[in-house]
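Here the structure is a predicted model, which means the values were calculated and not measured. Residue numbering restarts at 1 for every chain, and letters A, B, ... go by the order of the sequence lines.
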Protein chains: 2
Amino acid sequence: MPKSIKKEINRENLLNQGVTTLMGQGYHGTGLQEILDAVNIPKGSFYNYFGSKENFGAEVIQHYIDPFITQLAAHLQQSETDALSAIQLYFTELIAELEKNQFKGGCLLGNLMGEIGDTSEVCQKSLQSAVNRYRNLLQSGLAKAQQQGTVRLDKSAEDMADLLLNSWQGALLRMKIEKSSAPVKQCCNQLLGEFFRA
Amino acid sequence: MPKSIKKEINRENLLNQGVTTLMGQGYHGTGLQEILDAVNIPKGSFYNYFGSKENFGAEVIQHYIDPFITQLAAHLQQSETDALSAIQLYFTELIAELEKNQFKGGCLLGNLMGEIGDTSEVCQKSLQSAVNRYRNLLQSGLAKAQQQGTVRLDKSAEDMADLLLNSWQGALLRMKIEKSSAPVKQCCNQLLGEFFRA
DNA sequence: CAAAACAAGACAACCGGTCGTATTATTTGC
DNA sequence: GCAAATAATACGACCGGTTGTCTTGTTTTG
(Lines give C-alpha, C1' and ligand atoms only; values in the text may rest on other atoms or scores of the structure.)
Protein backbone atom coordinates (compact mmCIF):
# COMPACT_ATOMS: atom_id res chain seq x y z
CA MET A 1 0.00 0.00 0.00
CA PRO A 2 1.45 3.36 -1.02
CA LYS A 3 2.24 5.68 1.79
CA SER A 4 0.25 8.53 0.28
CA ILE A 5 -2.91 6.51 0.73
CA LYS A 6 -2.10 5.47 4.27
CA LYS A 7 -1.53 9.09 5.05
CA GLU A 8 -4.98 9.99 3.85
CA ILE A 9 -6.49 7.15 5.88
CA ASN A 10 -4.68 8.28 8.98
CA ARG A 11 -5.81 11.83 8.47
CA GLU A 12 -9.37 10.69 7.99
CA ASN A 13 -9.28 8.53 11.10
CA LEU A 14 -7.85 11.37 13.15
CA LEU A 15 -10.52 13.76 11.91
CA ASN A 16 -13.32 11.29 12.63
CA GLN A 17 -12.03 10.63 16.10
CA GLY A 18 -11.49 14.36 16.57
CA VAL A 19 -15.15 15.02 15.83
CA THR A 20 -16.24 12.42 18.37
CA THR A 21 -13.87 13.42 21.14
CA LEU A 22 -14.12 17.19 20.73
CA MET A 23 -17.87 16.85 20.68
CA GLY A 24 -17.84 14.97 23.96
CA GLN A 25 -15.24 16.90 25.91
CA GLY A 26 -14.66 20.16 24.14
CA TYR A 27 -11.44 21.62 22.79
CA HIS A 28 -9.42 22.32 25.92
CA GLY A 29 -10.95 19.32 27.65
CA THR A 30 -9.43 16.99 25.09
CA GLY A 31 -5.78 16.05 24.92
CA LEU A 32 -4.16 15.01 21.68
CA GLN A 33 -2.99 11.80 23.31
CA GLU A 34 -6.53 10.69 23.86
CA ILE A 35 -7.38 11.07 20.20
CA LEU A 36 -4.12 9.46 19.10
CA ASP A 37 -4.59 6.44 21.36
CA ALA A 38 -8.09 5.87 20.03
CA VAL A 39 -6.87 5.51 16.46
CA ASN A 40 -3.43 4.09 17.25
CA ILE A 41 -1.36 6.76 15.67
CA PRO A 42 1.85 7.84 17.37
CA LYS A 43 2.16 11.33 18.68
CA GLY A 44 5.11 12.17 16.51
CA SER A 45 3.06 11.48 13.40
CA PHE A 46 0.36 13.90 14.30
CA TYR A 47 2.51 16.89 13.47
CA ASN A 48 3.21 15.49 10.05
CA TYR A 49 -0.49 15.45 9.26
CA PHE A 50 -1.53 18.64 11.04
CA GLY A 51 0.62 21.55 11.98
CA SER A 52 -0.87 22.07 15.41
CA LYS A 53 -3.82 21.23 17.60
CA GLU A 54 -5.40 24.49 16.56
CA ASN A 55 -5.16 23.71 12.84
CA PHE A 56 -6.45 20.25 13.57
CA GLY A 57 -9.45 21.77 15.33
CA ALA A 58 -10.17 23.98 12.35
CA GLU A 59 -10.16 20.97 10.05
CA VAL A 60 -12.32 18.95 12.42
CA ILE A 61 -14.93 21.70 12.24
CA GLN A 62 -15.21 21.40 8.47
CA HIS A 63 -15.12 17.63 8.65
CA TYR A 64 -17.99 17.75 11.12
CA ILE A 65 -20.38 19.94 9.17
CA ASP A 66 -19.98 18.27 5.77
CA PRO A 67 -22.36 15.35 6.41
CA PHE A 68 -25.04 17.66 7.77
CA ILE A 69 -24.94 19.78 4.66
CA THR A 70 -25.01 16.71 2.44
CA GLN A 71 -27.98 15.29 4.32
CA LEU A 72 -30.01 18.49 4.25
CA ALA A 73 -29.21 19.08 0.57
CA ALA A 74 -30.33 15.56 -0.24
CA HIS A 75 -33.68 16.16 1.44
CA LEU A 76 -34.15 19.42 -0.39
CA GLN A 77 -33.50 17.76 -3.75
CA GLN A 78 -36.18 15.14 -3.22
CA SER A 79 -38.59 16.38 -5.87
CA GLU A 80 -41.65 14.62 -4.49
CA THR A 81 -41.69 16.52 -1.21
CA ASP A 82 -42.05 20.29 -0.77
CA ALA A 83 -39.14 22.20 0.72
CA LEU A 84 -40.74 22.98 4.07
CA SER A 85 -41.59 19.33 4.64
CA ALA A 86 -38.06 18.41 3.63
CA ILE A 87 -36.61 20.77 6.22
CA GLN A 88 -38.99 19.51 8.87
CA LEU A 89 -38.11 15.92 8.07
CA TYR A 90 -34.43 16.76 8.24
CA PHE A 91 -34.76 18.24 11.72
CA THR A 92 -36.89 15.32 12.83
CA GLU A 93 -34.03 13.05 11.88
CA LEU A 94 -31.56 15.24 13.77
CA ILE A 95 -33.72 15.03 16.87
CA ALA A 96 -33.90 11.26 16.59
CA GLU A 97 -30.12 11.15 16.43
CA LEU A 98 -29.80 13.42 19.47
CA GLU A 99 -32.13 11.17 21.41
CA LYS A 100 -30.06 8.17 20.41
CA ASN A 101 -27.04 9.91 21.93
CA GLN A 102 -29.03 10.66 25.06
CA PHE A 103 -28.63 14.41 24.51
CA LYS A 104 -24.88 14.35 24.89
CA GLY A 105 -22.69 16.47 22.66
CA GLY A 106 -25.24 18.56 20.83
CA CYS A 107 -23.65 20.50 17.99
CA LEU A 108 -19.90 20.75 17.69
CA LEU A 109 -20.18 24.14 16.00
CA GLY A 110 -22.21 25.61 18.83
CA ASN A 111 -19.96 24.14 21.48
CA LEU A 112 -16.78 25.41 19.86
CA MET A 113 -18.22 28.82 19.08
CA GLY A 114 -18.82 29.25 22.78
CA GLU A 115 -15.53 27.78 23.93
CA ILE A 116 -12.96 29.10 21.46
CA GLY A 117 -14.97 31.17 18.98
CA ASP A 118 -13.32 34.36 20.19
CA THR A 119 -9.88 33.12 21.24
CA SER A 120 -8.58 31.04 18.33
CA GLU A 121 -8.48 33.00 15.12
CA VAL A 122 -7.91 29.93 12.98
CA CYS A 123 -10.90 28.11 14.43
CA GLN A 124 -12.97 31.26 14.28
CA LYS A 125 -12.45 31.45 10.54
CA SER A 126 -13.34 27.81 10.16
CA LEU A 127 -16.47 28.26 12.28
CA GLN A 128 -17.52 31.26 10.22
CA SER A 129 -17.18 29.26 7.03
CA ALA A 130 -18.99 26.21 8.40
CA VAL A 131 -21.87 28.18 9.87
CA ASN A 132 -22.27 30.23 6.71
CA ARG A 133 -22.32 27.18 4.49
CA TYR A 134 -25.04 25.69 6.64
CA ARG A 135 -26.97 28.91 6.94
CA ASN A 136 -26.96 29.51 3.20
CA LEU A 137 -28.33 26.06 2.49
CA LEU A 138 -31.10 26.57 5.02
CA GLN A 139 -31.84 29.94 3.48
CA SER A 140 -32.13 28.52 -0.03
CA GLY A 141 -34.45 25.81 1.30
CA LEU A 142 -36.69 28.39 2.93
CA ALA A 143 -36.68 30.51 -0.24
CA LYS A 144 -37.77 27.46 -2.21
CA ALA A 145 -40.58 26.90 0.30
CA GLN A 146 -41.61 30.52 -0.17
CA GLN A 147 -41.89 29.96 -3.92
CA GLN A 148 -44.00 26.88 -3.22
CA GLY A 149 -46.33 28.95 -1.09
CA THR A 150 -45.84 27.08 2.19
CA VAL A 151 -43.75 29.75 3.91
CA ARG A 152 -44.72 33.38 4.45
CA LEU A 153 -43.34 35.96 2.05
CA ASP A 154 -43.31 39.01 4.32
CA LYS A 155 -40.11 37.90 5.99
CA SER A 156 -36.86 37.32 4.15
CA ALA A 157 -35.56 33.80 3.85
CA GLU A 158 -32.28 35.08 5.19
CA ASP A 159 -33.80 36.41 8.40
CA MET A 160 -35.74 33.23 8.93
CA ALA A 161 -32.70 31.07 8.33
CA ASP A 162 -30.78 33.06 10.92
CA LEU A 163 -33.59 32.84 13.45
CA LEU A 164 -33.99 29.13 12.92
CA LEU A 165 -30.29 28.48 13.23
CA ASN A 166 -29.87 30.63 16.32
CA SER A 167 -32.88 29.16 18.09
CA TRP A 168 -31.75 25.68 17.21
CA GLN A 169 -28.32 26.33 18.72
CA GLY A 170 -29.83 27.74 21.86
CA ALA A 171 -32.28 24.87 22.12
CA LEU A 172 -29.41 22.40 21.81
CA LEU A 173 -27.71 24.01 24.79
CA ARG A 174 -30.91 23.74 26.81
CA MET A 175 -31.26 20.14 25.73
CA LYS A 176 -27.82 19.31 27.04
CA ILE A 177 -28.46 20.55 30.56
CA GLU A 178 -32.08 19.39 30.75
CA LYS A 179 -31.30 15.98 29.23
CA SER A 180 -34.48 16.18 27.24
CA SER A 181 -35.44 16.65 23.62
CA ALA A 182 -38.28 18.97 24.62
CA PRO A 183 -36.35 22.19 23.84
CA VAL A 184 -35.37 21.18 20.31
CA LYS A 185 -38.84 19.85 19.53
CA GLN A 186 -40.40 23.02 20.87
CA CYS A 187 -38.00 25.07 18.75
CA CYS A 188 -38.96 23.29 15.50
CA ASN A 189 -42.66 23.41 16.26
CA GLN A 190 -42.64 27.09 17.05
CA LEU A 191 -40.73 28.17 13.96
CA LEU A 192 -41.29 25.60 11.22
CA GLY A 193 -44.76 24.71 12.49
CA GLU A 194 -46.10 28.18 13.18
CA PHE A 195 -44.08 31.32 12.75
CA PHE A 196 -42.69 30.61 9.29
CA ARG A 197 -45.92 29.26 7.83
CA ALA A 198 -47.66 31.19 5.07
CA MET B 1 -10.38 42.29 61.13
CA PRO B 2 -12.07 39.00 61.96
CA LYS B 3 -11.10 36.10 59.80
CA SER B 4 -14.66 35.28 58.88
CA ILE B 5 -14.93 38.58 57.05
CA LYS B 6 -11.68 38.21 55.22
CA LYS B 7 -12.83 34.82 54.14
CA GLU B 8 -15.97 36.26 52.63
CA ILE B 9 -13.98 38.95 50.86
CA ASN B 10 -11.59 36.38 49.44
CA ARG B 11 -14.47 34.21 48.30
CA GLU B 12 -16.10 37.18 46.63
CA ASN B 13 -12.90 38.20 44.90
CA LEU B 14 -12.34 34.68 43.65
CA LEU B 15 -15.89 34.45 42.33
CA ASN B 16 -15.61 37.80 40.55
CA GLN B 17 -12.33 36.84 38.98
CA GLY B 18 -13.76 33.44 38.16
CA VAL B 19 -16.57 35.04 36.19
CA THR B 20 -14.13 37.16 34.21
CA THR B 21 -11.61 34.44 33.48
CA LEU B 22 -14.04 31.62 32.76
CA MET B 23 -15.94 33.93 30.46
CA GLY B 24 -12.81 34.69 28.49
CA GLN B 25 -11.17 31.28 28.30
CA GLY B 26 -13.76 28.72 29.24
CA TYR B 27 -13.65 26.11 31.96
CA HIS B 28 -10.94 23.75 30.77
CA GLY B 29 -9.04 26.61 29.22
CA THR B 30 -8.57 28.25 32.61
CA GLY B 31 -6.18 27.04 35.27
CA LEU B 32 -6.81 27.73 38.93
CA GLN B 33 -3.43 29.35 39.26
CA GLU B 34 -4.37 32.04 36.80
CA ILE B 35 -7.40 33.02 38.86
CA LEU B 36 -5.46 32.80 42.12
CA ASP B 37 -2.63 34.99 40.87
CA ALA B 38 -5.07 37.64 39.69
CA VAL B 39 -6.50 38.09 43.19
CA ASN B 40 -3.36 37.14 45.12
CA ILE B 41 -4.76 34.21 47.00
CA PRO B 42 -2.65 31.10 47.60
CA LYS B 43 -3.66 27.76 46.22
CA GLY B 44 -4.11 26.17 49.62
CA SER B 45 -6.71 28.72 50.59
CA PHE B 46 -8.77 28.01 47.54
CA TYR B 47 -9.51 24.54 48.75
CA ASN B 48 -10.66 25.91 52.07
CA TYR B 49 -13.20 28.12 50.31
CA PHE B 50 -14.29 25.76 47.58
CA GLY B 51 -13.99 22.01 47.64
CA SER B 52 -12.87 21.67 44.03
CA LYS B 53 -12.61 23.46 40.73
CA GLU B 54 -15.91 21.89 39.76
CA ASN B 55 -17.74 23.24 42.81
CA PHE B 56 -16.13 26.59 42.22
CA GLY B 57 -17.45 26.57 38.69
CA ALA B 58 -20.94 25.85 39.93
CA GLU B 59 -20.76 28.81 42.30
CA VAL B 60 -19.34 31.08 39.63
CA ILE B 61 -22.36 30.30 37.47
CA GLN B 62 -24.77 31.54 40.13
CA HIS B 63 -22.56 34.50 40.89
CA TYR B 64 -22.61 35.40 37.24
CA ILE B 65 -26.34 35.35 36.65
CA ASP B 66 -27.39 37.25 39.78
CA PRO B 67 -26.71 40.77 38.44
CA PHE B 68 -28.55 40.05 35.21
CA ILE B 69 -31.63 38.96 37.10
CA THR B 70 -31.43 41.99 39.35
CA GLN B 71 -31.07 44.32 36.39
CA LEU B 72 -33.96 42.84 34.45
CA ALA B 73 -36.19 42.75 37.53
CA ALA B 74 -35.43 46.40 38.18
CA HIS B 75 -36.50 47.35 34.69
CA LEU B 76 -39.70 45.37 35.01
CA GLN B 77 -40.59 47.11 38.24
CA GLN B 78 -40.27 50.58 36.75
CA SER B 79 -43.95 51.48 36.88
CA GLU B 80 -43.79 54.26 34.31
CA THR B 81 -42.77 51.98 31.41
CA ASP B 82 -44.71 49.02 30.06
CA ALA B 83 -43.22 45.56 30.39
CA LEU B 84 -42.39 45.05 26.73
CA SER B 85 -40.50 48.34 26.56
CA ALA B 86 -38.71 47.40 29.77
CA ILE B 87 -37.56 44.12 28.26
CA GLN B 88 -36.49 45.84 25.07
CA LEU B 89 -34.57 48.44 27.02
CA TYR B 90 -32.89 45.74 29.05
CA PHE B 91 -31.66 43.93 25.96
CA THR B 92 -30.54 47.21 24.43
CA GLU B 93 -28.33 47.71 27.46
CA LEU B 94 -26.97 44.19 27.16
CA ILE B 95 -26.06 44.82 23.53
CA ALA B 96 -24.30 48.05 24.46
CA GLU B 97 -22.26 46.12 27.02
CA LEU B 98 -21.39 43.44 24.49
CA GLU B 99 -20.20 46.08 22.06
CA LYS B 100 -18.10 47.60 24.77
CA ASN B 101 -16.39 44.24 25.22
CA GLN B 102 -15.89 43.99 21.47
CA PHE B 103 -18.06 40.87 21.30
CA LYS B 104 -15.73 38.80 23.43
CA GLY B 105 -17.11 36.43 26.02
CA GLY B 106 -20.78 36.49 25.26
CA CYS B 107 -22.79 34.70 27.92
CA LEU B 108 -21.07 32.53 30.49
CA LEU B 109 -24.14 30.32 30.80
CA GLY B 110 -24.23 29.58 27.09
CA ASN B 111 -20.51 28.96 26.90
CA LEU B 112 -20.48 26.58 29.85
CA MET B 113 -23.63 24.77 28.74
CA GLY B 114 -21.81 23.93 25.54
CA GLU B 115 -18.49 23.07 27.13
CA ILE B 116 -19.38 21.16 30.29
CA GLY B 117 -23.18 21.12 30.38
CA ASP B 118 -23.23 17.38 29.83
CA THR B 119 -20.02 16.29 31.53
CA SER B 120 -20.03 17.93 34.96
CA GLU B 121 -23.09 16.99 36.95
CA VAL B 122 -22.50 19.67 39.58
CA CYS B 123 -22.23 22.43 37.01
CA GLN B 124 -25.14 21.02 35.07
CA LYS B 125 -27.36 21.42 38.13
CA SER B 126 -26.13 24.95 38.64
CA LEU B 127 -26.72 25.80 35.00
CA GLN B 128 -30.23 24.39 35.17
CA SER B 129 -30.99 26.55 38.17
CA ALA B 130 -29.47 29.70 36.69
CA VAL B 131 -31.18 29.33 33.34
CA ASN B 132 -34.52 28.58 34.95
CA ARG B 133 -34.32 31.59 37.24
CA TYR B 134 -33.62 33.77 34.25
CA ARG B 135 -36.24 32.15 32.06
CA ASN B 136 -38.94 32.49 34.72
CA LEU B 137 -38.27 36.18 35.13
CA LEU B 138 -38.44 36.70 31.38
CA GLN B 139 -41.66 34.72 31.29
CA SER B 140 -43.29 36.83 34.00
CA GLY B 141 -42.24 39.96 32.14
CA LEU B 142 -43.81 38.72 28.94
CA ALA B 143 -46.98 37.71 30.81
CA LYS B 144 -47.19 41.21 32.24
CA ALA B 145 -46.81 42.62 28.73
CA GLN B 146 -49.63 40.36 27.61
CA GLN B 147 -51.89 41.80 30.31
CA GLN B 148 -50.94 45.27 29.14
CA GLY B 149 -51.95 44.38 25.61
CA THR B 150 -48.58 44.91 23.95
CA VAL B 151 -47.79 41.23 23.39
CA ARG B 152 -49.94 38.69 21.58
CA LEU B 153 -52.11 36.39 23.65
CA ASP B 154 -52.30 33.40 21.32
CA LYS B 155 -48.88 32.18 22.39
CA SER B 156 -47.97 31.31 25.94
CA ALA B 157 -45.53 33.53 27.77
CA GLU B 158 -43.58 30.40 28.60
CA ASP B 159 -43.09 29.43 24.97
CA MET B 160 -42.10 32.94 24.04
CA ALA B 161 -39.63 33.18 26.91
CA ASP B 162 -38.01 29.94 25.78
CA LEU B 163 -37.82 31.07 22.19
CA LEU B 164 -36.36 34.42 23.14
CA LEU B 165 -33.77 32.88 25.41
CA ASN B 166 -32.75 30.21 22.92
CA SER B 167 -32.48 32.64 20.03
CA TRP B 168 -30.53 35.04 22.18
CA GLN B 169 -28.03 32.35 23.11
CA GLY B 170 -27.62 31.30 19.51
CA ALA B 171 -27.24 34.90 18.40
CA LEU B 172 -24.53 35.42 21.01
CA LEU B 173 -22.57 32.53 19.54
CA ARG B 174 -22.88 34.02 16.09
CA MET B 175 -21.83 37.39 17.46
CA LYS B 176 -18.65 35.89 18.86
CA ILE B 177 -17.43 34.46 15.59
CA GLU B 178 -18.65 37.30 13.40
CA LYS B 179 -17.35 39.98 15.76
CA SER B 180 -20.48 41.98 15.16
CA SER B 181 -23.56 42.93 17.12
CA ALA B 182 -25.73 42.37 14.05
CA PRO B 183 -26.91 38.89 15.12
CA VAL B 184 -28.08 39.96 18.58
CA LYS B 185 -29.77 43.08 17.23
CA GLN B 186 -31.48 41.07 14.55
CA CYS B 187 -32.62 38.59 17.18
CA CYS B 188 -34.25 41.26 19.35
CA ASN B 189 -35.87 43.01 16.42
CA GLN B 190 -37.35 39.83 15.03
CA LEU B 191 -38.86 38.60 18.28
CA LEU B 192 -39.53 41.62 20.51
CA GLY B 193 -40.13 43.94 17.58
CA GLU B 194 -42.29 41.68 15.42
CA PHE B 195 -43.16 38.13 16.34
CA PHE B 196 -44.24 38.74 19.93
CA ARG B 197 -46.18 41.92 19.24
CA ALA B 198 -49.95 41.91 19.72
C1' DC C 1 21.13 8.19 -3.24
C1' DA C 2 18.97 12.56 -2.08
C1' DA C 3 14.67 14.17 -0.29
C1' DA C 4 10.63 13.67 1.97
C1' DA C 5 7.66 11.41 5.26
C1' DC C 6 7.32 9.22 9.50
C1' DA C 7 7.73 7.90 14.38
C1' DA C 8 9.93 7.63 19.06
C1' DG C 9 10.39 9.96 22.86
C1' DA C 10 12.39 14.14 25.25
C1' DC C 11 10.93 18.48 26.84
C1' DA C 12 9.45 22.22 29.85
C1' DA C 13 5.29 23.97 31.32
C1' DC C 14 1.26 23.27 33.47
C1' DC C 15 -2.72 20.74 35.47
C1' DG C 16 -5.93 19.89 39.77
C1' DG C 17 -5.23 18.48 44.17
C1' DT C 18 -2.76 17.27 48.76
C1' DC C 19 -0.22 17.86 52.87
C1' DG C 20 2.21 19.46 56.93
C1' DT C 21 2.91 23.40 59.25
C1' DA C 22 2.30 28.13 60.80
C1' DT C 23 -0.85 31.43 62.11
C1' DT C 24 -4.97 33.14 64.00
C1' DA C 25 -9.89 32.64 66.31
C1' DT C 26 -12.83 30.74 69.32
C1' DT C 27 -14.09 28.01 73.13
C1' DT C 28 -13.15 26.10 77.51
C1' DG C 29 -11.48 25.67 82.42
C1' DC C 30 -10.86 27.96 86.51
C1' DG D 1 -10.98 37.80 83.13
C1' DC D 2 -7.09 35.48 81.96
C1' DA D 3 -4.76 31.31 80.17
C1' DA D 4 -4.80 27.10 78.21
C1' DA D 5 -6.82 24.08 74.79
C1' DT D 6 -9.01 23.36 70.66
C1' DA D 7 -10.57 24.43 66.32
C1' DA D 8 -10.38 26.87 62.01
C1' DT D 9 -7.97 28.99 58.48
C1' DA D 10 -3.68 30.47 55.69
C1' DC D 11 -0.16 29.07 53.13
C1' DG D 12 2.97 27.40 49.41
C1' DA D 13 5.98 23.61 48.42
C1' DC D 14 5.05 19.51 46.35
C1' DC D 15 2.68 15.33 44.01
C1' DG D 16 1.87 12.37 40.01
C1' DG D 17 0.13 12.98 35.73
C1' DT D 18 -0.73 15.30 31.35
C1' DT D 19 -0.33 19.06 28.13
C1' DG D 20 1.14 20.70 23.24
C1' DT D 21 5.27 20.98 20.80
C1' DC D 22 9.79 19.94 19.01
C1' DT D 23 14.14 17.53 18.04
C1' DT D 24 16.27 13.77 16.25
C1' DG D 25 16.99 9.50 14.14
C1' DT D 26 14.83 6.16 11.05
C1' DT D 27 12.28 4.56 7.17
C1' DT D 28 10.23 5.04 2.85
C1' DT D 29 9.89 6.88 -1.76
C1' DG D 30 10.81 8.42 -6.58
Side-chain angles (χ1 to χ4, degrees), chain A residues 1-15 17-61 112 115-116 119-124 126, chain B residues 1-22 24-61 112 115-116 119-124 126:
Chain A
M1 180 158 67
K3 263 298 167 54
S4 62
I5 292 196
K6 184 180 177 195
K7 167 169 181 173
E8 284 312 309
I9 291 179
N10 278 350
R11 270 184 65 96
E12 183 82 4
N13 285 342
L14 280 170
L15 287 173
Q17 188 61 42
V19 167
T20 304
T21 313
L22 289 184
M23 178 93 103
Q25 310 172 220
Y27 182 81
H28 289 297
T30 299
L32 289 180
Q33 196 61 59
E34 191 173 352
I35 297 174
L36 295 164
D37 288 347
V39 292
N40 254 56
I41 292 175
K43 198 169 197 175
S45 301
F46 177 86
Y47 282 83
N48 293 317
Y49 302 142
F50 307 93
S52 67
K53 185 188 184 185
E54 199 181 2
N55 286 342
F56 176 67
E59 287 207 42
V60 166
I61 288 164
L112 292 189
E115 188 184 353
I116 54 170
T119 53
S120 160
E121 198 172 332
V122 181
C123 291
Q124 183 180 83
S126 183
Chain B
M1 179 160 65
K3 269 295 170 56
S4 61
I5 293 195
K6 186 180 177 194
K7 168 171 179 173
E8 284 312 309
I9 291 178
N10 278 349
R11 271 183 64 97
E12 183 82 4
N13 285 343
L14 281 169
L15 288 173
N16 285 335
Q17 188 62 43
V19 166
T20 304
T21 314
L22 288 184
Q25 311 172 221
Y27 182 82
H28 290 296
T30 300
L32 289 181
Q33 198 60 57
E34 190 173 353
I35 297 175
L36 294 165
D37 288 347
V39 291
N40 255 51
I41 291 175
K43 189 99 156 262
S45 301
F46 176 86
Y47 282 86
N48 285 330
Y49 304 146
F50 308 93
S52 67
K53 185 188 185 186
E54 201 181 1
N55 287 341
F56 176 67
E59 286 208 43
V60 166
I61 288 164
L112 292 189
E115 187 183 354
I116 54 171
T119 54
S120 159
E121 199 172 330
V122 180
C123 292
Q124 183 180 82
S126 183

With hydrogens left out and only the distance checked, is there a donor-acceptor pair under 3.5 Å joining B:N48's side chain and the base of D:dA10? yes
Of all residues at least two apart in sequence or in a different chain, which pass the side chain to side chain donor-acceptor pair (under 3.5 Å) check with [X]?
| X | result |
| --- | --- |
| A:T119 | none |
| B:T21 | B:Q17 |
| A:N55 | none |

May I ask you to verify if any side-chain N or O of A:Y47 is less than 4.0 angstrom from the OP1 or OP2 atom of C:dA8? no
Calculate the interatomic distance between [X] atom [atom1] and [N] atom [atom2]; express it in whole Å.
| X | N | atom1 | atom2 | result |
| --- | --- | --- | --- | --- |
| A:L14 | C:dA7 | CG | C1' | 13 Å |
| B:K53 | C:dC14 | NZ | P | 15 Å |
| B:N55 | C:dG16 | CG | C1' | 13 Å |
| A:F46 | C:dC6 | CZ | P | 14 Å |
| B:F50 | C:dG16 | CZ | P | 15 Å |
| A:I9 | C:dC6 | CD1 | C1' | 16 Å |

Qualifying side-chain hydrogen bond (donor to acceptor under 3.5 Å, both in side chains) pairs, either residue in residues 26-36 of chain B, two or more places apart: B:Q25-B:E34, B:Q33-B:D37
State which residues pass salt bridge (Lys or Arg N to Asp or Glu O under 4.0 Å) with B:E54; sequence neighbours excluded, sorted by chain then number. none
Mind running a 4.0 Å heavy-atom check of residues 27-45 of chain A against DNA chain D and sending the residues that fall below it, in number order? A:T30, A:G31, A:L32, A:Q33, A:K43
Quick one: are A:F50 and A:L15 in side-chain contact, heavy atoms under 4.5 Å? yes
